[in-house]
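Following: one structure in C-alpha cells, then a few remarks.
Letters A, B, ... mirror the listed sequences (proteins, then strands); counts begin at 1. Every value quoted in this text rests on a predicted model; they were computed, and no experiment measured them.
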Amino acid sequence: MREIMFENEKSFIKTKIKDYLETEAIDDPAIEFRQIPFSGEWGLAVPLFPVAASEARSGKRVIVPQRAQELAEGIKTSIGQAPPGFSHLEAINGYLNLYFSNAAYARRVVDTVIDAGAGFGRGTARHQTVMVEYSQPNTHKSFHVGHLRNVILGGAICRILEFAGYEVIRANYLGDIGLHVVKWMWNYLKNHRGEVPGENKTHWMNEIYAEADSLFQDSENEAEVRELYARWNARDPEIVALWQETRQWSLEGFEQIYNLLGESFDRIYFESDVEDSGIALVQQLIDRGLAQDERPDGPVFIDLDAVLGTKEEYRVLVVLRSDGSSLYATKDLPLAIQKFSEYDLDKSVYVIDVRQSLYLKQIFKTLEILGFDWADKLYHLPYELVNLPGNVTMSSREGTVVLFDDLVAEATQRAKDIVEVKNPELADSVKDKIAEAVALGALKYTMLSRDNTKVVTFDWDAALDFNGQAAPYIQYAHVRAGSILRRAGEALPEAVDFPDQLEKAEVDLIELLTRLPAEVQRASEDFRPLVIANLAFDLAKAFNDFYNTCHVLNAEPTVRAYRLRLVAAAKQVIATSLNLLGIAAPSSM
RNA sequence: GUUCCCGUGGCCUAAUGGAUAAGGCGGCGGCCUCCGGAGCCGUAAAUGUGAGUUCGAAUCUCACCGGGAACACCA
C-alpha cells in the first residue's frame with residue numbers, strides 16, 4: 001500500500017535528492033526507499049551508503065559511512081522545510097529519514113482498509129493460471145501428520161496465490177493402485193469380507209491396511225497377495241468391482257478430512273487413469289532411442305546423464321519395471337502432459353516433500369528433452385518432513401505415526417475444555433464450533449509458522465499449546481476487536497480525522513496494517529505462508545498492546561470515533577491474514 | 001563418492017545484503033475497581049568454526065565441523 005499511496009511523494013523526494021547530488025557532481029545515483037526500523041513514527045528511509053560507496057569505487061577518497069552521513073545532512077539542508085505530507089526530516093547514521101505527518105497518514109491507512117474491507121491487500125489480477133498439485137494421498141491407507149503438512153501448506157499457497165492475483169487450479173493426485181491396494185483387498189477378502197466402514201472411514205481403511213501390512217510379512221500370505229495381484233492385473237471383474245467399491249470408501253474418507261480442513265479440489269487425477277498412457281509413452285521413449293529396454297532382465301530406464309552429457313547430476317530414471325509394471329515415473333510423465341493439454345497453465349506447481357527433489361528434477365528434465373515447451377513452467381515446491389522427537393521418521397510399519405483423526409480429536413477436546421471454562425453459557429453446538437476452529441487453527445499455524453525447508457518436530461505438547469505465538473492468540477485478538485465493536489452498540493463512525501499525537505501502540509498497529517499488500521506479494525512469489533503467519537501474529541500482538549494501553553469505549557467522543565475505526569481496520573486485516581492461512585477467525589472463543 | 005537442506009539464548013522460531021539480531025516456550029519478578037487474563041509488563045540469555053567478497057554479512061562465496069536427506073526397477 002505504501003507503494004501505491006506514496007508514489008507522488010516519493011518521486012518528489014527523489015527529484016530533490018538528485019538535484020542535490022548533482023551539485024556534488026554525482027550523476028544517476030542509486031536511490032532506494034526502505035523502512036525506518038524504529039517504531040513511533042512513519043516515514044521513508046533513504047540509505048546513502050550506495051551513493052557514497054560508488055563514489056569510493058570511482059576513485060574518490062572517502063570513508064563511506066562518514067560520506068553517507070555527510071550526504072544525508074547535505075540533502076536535508078537542501079530540502080529545508082519538510083515537503084507537503086511530511087512532518088520532519090532527519091539525517092542519521094548515513095540515512096535520510098523522511099517522516100510522514102502522522103494524522104494524515106493514519107487516516108489514509110484506516111480509511112483505505114475499511115473501504116476495501118476483505119479486499120484490502122488483494123493484488124491486481126495477473127491473468128495467469130497456476131495449477132497447484134497437493135495432498136496426493138494413497139487410497140486404502142491412513143492420513144497422518146506428515147500428510148497434514150502437505151495439505152495445509154498446499155491450501156495456504158493456493159489462497160495466497162489467489163489473493164495475490166493469480167488464477168489457481170487446485171489439483172489432487174491419488175494413488176489408487178499398486179501393491180498397497182492389493183494387500184488391502186487381500187486382507188479384506190480373507191478377514192473382513194462383507195464389512196463396511198463406520199463413521200470415520202479413513203481410520204477404518206487404515207486399520208485393515210495396517211493389519212494387512214503386518215500379515216504380509218508371512219511368506220505364505222505374501223504368496224496369496226501376489227496371486228491376487230495377478231488377478232488384478234488380469235482385470236478379474238470381481239476384483240475390479242471390489243477395487244471400485246473400496247476406493248470409493250477411501251475417497252469419501254478423504255472428503256471428510258478435506259471438509260474439516262476447509263480444502264477442496266478443482267481437478268482430481270488418479271494414478272489408475274494415467275497408467276496406460278504412461279506405458280504407451282514409455283514405448284515411445286524406447287522407439288525414439290531415449291530409453292533403454294533391458295526387459296526381462298532389467299528395467300526400462302533413461303540414462304539422463306548420458307543423454308545430457310552431465311556427470312552424476314541427473315542420474316538414471318527408471319520408467320518401467322522389468323516385469324512391465326508401472327512406477328511413479330511411468331505415470332508422472334503422462335500426468336504432466338495431461339495437465340497442460342487440459343489447461344492453459346502459466347505454472348504447474350508440485351507440492352511434494354524434499355526427498356523427491358531429484359526425482360522431480362528428472363521428470364521435468366525428461367519432459368524438456370521430449371520437447372514440451374512448457375517444461376520450464378514446472379516447479380517443485382519442496383517441504384521438509386514432520387518427524388517425531390529424536391528425529392524419528394514416522395512409519396506406519398513401526399507404528400510411530402500420529403494419525404490425523406487422533407490428533408484432531410485430542411486438540412478439539414482440549415480446546416473444548418477451555419471453552420467450557422471461558423464461556424460456559426454458550427450453546428453446546430457453538431462451543432463445538434469454537435473448539436474446532438481453535439484446535440484446527442493451532443495445528444495449521446504450527447505447520448505454517450516455520451519455513452518450508454525446516455523439519456517440523458511433532459510434539460504433542462507443542463502442537464496442543466494454545467498460548468504464545470499460536471493461532472489461538474491471534475484468534476483471541478480478533479475476538480477482542482469484535483467484542484469492542486459489538487459493545488459500541490452503534491454503526492461504525494464515518495471517516496474521521498486522526499490526531500497528530502498518537503499513542504505508540506496506535507502507531508505500531510497502523511504501521512502493521514499497511515504491510516499486508518506487500519507481504520501477500522512476497523509470500524506468493526516465494527511460496528512462503530510463513531510471511532503471512534508472522535504478520536498475523538505481529539498484528540495480534542500490536543492489537544493486544546493497543547488494547548491494553550488505549551481505551552476505546554470510554555474515551556472522549558472524538559478519540560472514541562477514530563479508535564473504533566482503527567479497531568475495525570485491525571479486525572479486518574487480522575481476519576484476512578488468518579483466512580489466507582486457512583484459519584478461522586471466530587467472533588467468540 | 002556426488003548433490004541438496006539445516007546449524008541463531010536452555011528449547012522452538014523470525015530477520016528484501018542495511019541502523020541496537022526480533023518473538024514464543026521455559027526460568028525469575030510483577031499486573032484483574034478499567035472494552036474478554038487463551039491477556040499484559042519487566043528481567044537474564046544467541047548468529048557452529050575459519051577465511052573471503054562488501055562501505056556494511058545471521059544472510060553471498062569457499063573450506064571445515066555437526067545434524068538430516070537423495071542418488072536403477074519404493075512412493
Side-chain angles (χ1 to χ4, degrees), chain A residues 32 34-38 45 47 49-50 52-57 62-68 92-95 97 136 138 175 178-180 271 294-295 298-303 311-323 325 327-329 352-359 361-362 382 384-385 387 391 393 415 418-419 421-423 438 449-455 457 459 461-462 465-470 472-473 475-477 479-481 483-488 518 522 525-526 530-531 533-534 537-538 541 544-545 547-555 563 567 588-589:
Chain A
E32 52 181 322
R34 301 183 155 278
Q35 303 223 338
I36 302 175
F38 302 119
F49 293 96
S54 77
E55 275 193 300
R57 271 194 295 275
V62 295
I63 301 164
V64 171
Q66 270 180 26
R67 179 60 175 160
I92 183 170
N93 292 339
Y95 288 83
N97 291 337
Q136 309 116 329
N138 283 330
L179 181 60
H180 74 278
E271 272 188 45
E294 293 184 346
R295 288 176 293 174
V300 180
F301 64 91
I302 307 172
D303 187 341
K311 218 179 108 194
E312 290 192 70
E313 191 181 348
Y314 289 95
R315 313 277 171 165
V316 166
L317 179 66
V318 175
V319 292
L320 204 62
R321 284 201 188 90
S322 49
D323 67 359
S325 63
L327 291 157
Y328 244 39
I352 300 182
D353 82 65
V354 67
R355 292 176 302 185
Q356 296 189 41
S357 295
L358 173 61
Y359 167 71
K361 193 170 136 182
Q362 293 174 323
E384 265 291 356
L385 300 181
N387 283 344
N391 232 339
T393 306
I418 298 174
V419 179
V421 174
K422 304 280 177 193
N423 279 308
V438 170
S449 62
R450 61 205 63 219
D451 246 316
N452 303 334
T453 54
K454 298 263 183 129
V455 175
T457 300
D459 176 69
D461 288 334
D465 188 353
F466 295 159
N467 296 312
Q469 183 164 0
Y473 176 94
Q475 292 169 319
Y476 188 60
V479 167
R480 281 176 148 181
S483 185
I484 291 175
L485 296 175
R486 201 165 44 244
R487 293 186 55 139
R522 189 155 77 96
E525 280 157 24
D526 302 341
L530 162 71
V531 169
N534 282 343
F537 176 73
D538 290 344
K541 194 165 172 54
N544 277 331
D545 190 23
Y547 182 91
N548 280 300
T549 53
C550 303
H551 280 240
V552 178
L553 296 180
N554 54 11
R563 282 186 180 163
V567 169
S588 64
M589 60 190 277

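- Between B:G39 and B:U47, the distance separating the two C1' atoms is 31 Å to the nearest Å.
- Listed pair A:S357 / B:A70 fails the phosphate criterion, with no side-chain N or O lying under 4.0 Å from OP1 or OP2.
- B:A21 and B:A45 are spaced 13 Å apart, taking the C1' atom of each and rounding to whole Å.
- Distances shown here put a side-chain N or O of A:Y473 below 4.0 Å from the OP1 or OP2 atom of B:C40.
- Using a 4.0 Å heavy-atom distance criterion, A:V438 is classed as a base contact.
- Using a 90° window around 0 for the glycosidic torsion, B:C31 falls outside it and is classed as anti.
- Between the side chain of A:S322 and the base of B:C73, at least one donor-acceptor pair of N or O atoms lies under 3.5 Å.
- Residue side chain A:R321 does not reach the base of B:C73 through any donor-acceptor N/O pair under 3.5 Å, judged by distance alone.
- Between A:R355 and A:D353 there is a salt bridge, with a side-chain nitrogen of the basic residue lying less than 4.0 Å from a carboxylate oxygen of the acidic one.
- In this structure, A:R355 does not reach the B:C74 phosphate: none of its side-chain N or O atoms is under 4.0 Å from OP1 or OP2.
- The closest donor-acceptor contact from the side chain of A:Y328 to the backbone of A:Y359 lies at 3.5 Å or more, if one exists at all.
- In a base pair of the Watson-Crick type (N1 to N3 plus N6-O4 or O6-N4) or a G-U wobble (N1-O2 and O6-N3), with each distance short of 3.5 Å, B:C62 is matched with B:G50.
- Ranking B:A19, B:A75, B:U2 by closeness to the A:E312 side chain, first place goes to B:U2.
- Rounded to a whole angstrom, the distance from the P atom of B:C74 to that of B:U59 is 42 Å.
- Comparing B:A72, B:C12, B:C34 against the side chain of A:H551 picks out B:C34 as the nearest.
- The C1' atoms of B:G50 and B:C65 are separated by 11 Å, rounded to the nearest whole Å.
- A:N544 and A:Y476 form no side-chain donor-acceptor contact under 3.5 Å, judged by distance and modelled atom types alone.
- Of the candidate nucleotides B:C71, B:C55, B:C73, B:C71 has the atom lying nearest to any side-chain atom of A:L358.
- Base pairing of B:G42: its partner is B:C28, meeting the Watson-Crick or G-U wobble criterion (both donor-acceptor distances under 3.5 Å).
- At a threshold of 4.5 Å between non-hydrogen side-chain atoms, the residues A:Q469 and A:N534 count as touching.
- Nucleotides of RNA chain B nearest to A:C550 and A:L317 differ in position, and the one nearer the 5' end is that of A:C550.
- Taking the P atom of each, B:U33 and B:G27 are spaced 25 Å apart, rounded to whole Å.
- Distances shorter than 4.0 Å separate some side-chain N or O of A:K454 from OP1 or OP2 on B:G7.
- Of the possible donor and acceptor atoms, none in the side chain of A:N452 sits under 3.5 Å from a partner among the backbone N and O of A:P382.
- Here A:V531 lies out of heavy-atom contact (under 4.0 Å) with every strand.
- Nearest nucleotide to the A:V316 side chain, out of B:G1, B:C74, B:A72: B:A72.
- By the neighbour-count criterion of 12 heavy atoms within 6.0 Å, atom CD1 of A:I63 is sparsely surrounded, having that number or fewer from other residues, nucleotides or ligands.
- Within 4.0 Å (heavy atoms only), A:V567 reaches no atom of the nucleic acid at all.
- Residue-level contact check: A:E294 touches neither bases nor backbone, having no heavy atom under 4.0 Å from any strand.
- Under 4.0 angstrom from either OP1 or OP2 of B:G68 there lies no side-chain N or O belonging to A:N387.
- Each of A:R57 and A:T393 has a nearest nucleotide on RNA chain B; the 5'-most of these lies closest to A:R57.
- Each of B:G36, B:C71, B:C74 was ranked by its minimum atom distance to the side chain of A:R315; first place goes to B:C71.
- Side-chain atoms of A:N391 lie closest to B:G67 of the nucleotides B:A15, B:G67, B:A75.
- Taking every side-chain heavy atom of A:E384 into account, B:C5 is the closest of B:C5, B:G36, B:A15.
- When heavy atoms are screened at a 4.0 angstrom cut-off, A:V354 is found touching no nucleic acid atom at all.
- Considering only heavy atoms from C-beta on, A:L320 comes within 4.5 Å of A:R295 through its side chain.
- Comparing B:A22 with B:A15, their P atoms are spaced 14 Å from each other, to the whole Å.
- Rounded to whole Å, the P atom of B:C32 lies 13 Å from the corresponding atom of B:G37.
- A:R487 has a side-chain polar atom (N or O) that falls below the 4.0 Å cut-off from OP1 or OP2 of B:G36.
- Nearest to the side chain of A:V64, among B:G39, B:C41, B:C55, sits B:C55.
- Side-chain atoms of A:I92 lie closest to B:A19 of the nucleotides B:A70, B:G36, B:A19.
- Backbone-only contact: A:R522 has heavy atoms under 4.0 Å from sugar-phosphate atoms and none from a base.
- Residue A:A45 is in base contact, counting any heavy-atom pair closer than 4.0 Å across all strands shown.
- Residue-level contact check: A:A56 touches neither bases nor backbone, having no heavy atom under 4.0 Å from any strand.
- The same atom, C1', is picked in B:A75 and in B:A70; the two are 14 Å apart, to the nearest Å.
- Looking at A:T453 and A:D451, their side chains never bring a donor and an acceptor atom within 3.5 Å of each other.
- For A:K541, counting side-chain heavy atoms from C-beta on, the closest listed nucleotide (B:G36, B:G23, B:C55) is B:G23.
- If you check every strand for non-hydrogen atoms under 4.0 Å, A:N97 touches a base.
- Within 4.0 Å of A:P50, counting heavy atoms only, lies at least one base atom of the nucleic acid.
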